[in-house]
Amino acid sequence: MNLFVEEIPASDISPKTIQETPSPSTDPLIARSLQKEQYFGIIGLAIALIAAVGFFSRRVEYAIGFAIVLSAILIAFFLFV
């Protein structure tokens, strides 16, 4: 079986050089302008949820609030340590 071997023309770049395509500065799949509104919406939803639970049981509202504050403190602690 005879295989045809074609020679590849030499380029200006050495064979050991790897070229990398530059990454785009803005990714069209990430909606950066909506992030602040999303954060405000999530925080507002969490406050409304705690208020709705607090309407039925004040103890559960305090427990949820304590858990959220303790979680935030622990996340900040482990993030910066």
Side-chain angles (χ1 to χ4, degrees):
M1 182 171 180
N2 189 4
L3 297 176
F4 179 73
V5 178
E6 180 181 341
E7 289 198 25
I8 301 173
S11 65
D12 295 336
I13 304 169
S14 67
K16 293 182 181 178
T17 303
I18 298 174
Q19 284 189 333
E20 184 177 318
T21 57
S23 63
S25 60
T26 58
D27 190 358
L29 298 178
I30 298 175
R32 296 188 191 276
S33 62
L34 297 177
Q35 282 183 333
K36 290 180 184 175
E37 290 84 359
Q38 289 173 349
Y39 288 138
F40 288 137
I42 290 170
I43 291 170
L45 186 63
I47 290 172
L49 179 65
I50 292 172
V53 169
F55 179 74
F56 295 108
S57 173
R58 192 62 70 182
R59 275 198 209 167
V60 176
E61 179 185 9
Y62 291 148
I64 291 173
F66 178 73
I68 290 173
V69 170
L70 183 62
S71 297
I73 291 171
L74 287 175
I75 288 170
F77 176 73
F78 287 118
L79 190 65
F80 293 114
V81 170

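One is the number of the first residue; the rest follow in order along the sequence. Since we're looking at a predicted model, the values are computed, not measured. All heavy atoms count here, side chains included; hydrogens, waters and symmetry mates do not.
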ILVMFWY network linking V81 to L74, side-chain heavy atoms under 4.5 angstrom:
yes
Honestly curious: do L70 and F78 fall in one hydrophobic cluster under the side-chain, below-4.5 Å linking rule?
yes
Connected via hydrophobic side-chain network under 4.5 Å: F55 and F66:
no
Smallest heavy-atom separation, E61 atom then V53 atom, equals N-CG1, 4.2 Å
Is any side-chain heavy atom of L49 closer than 4.5 Å to a side-chain heavy atom of I64?
no
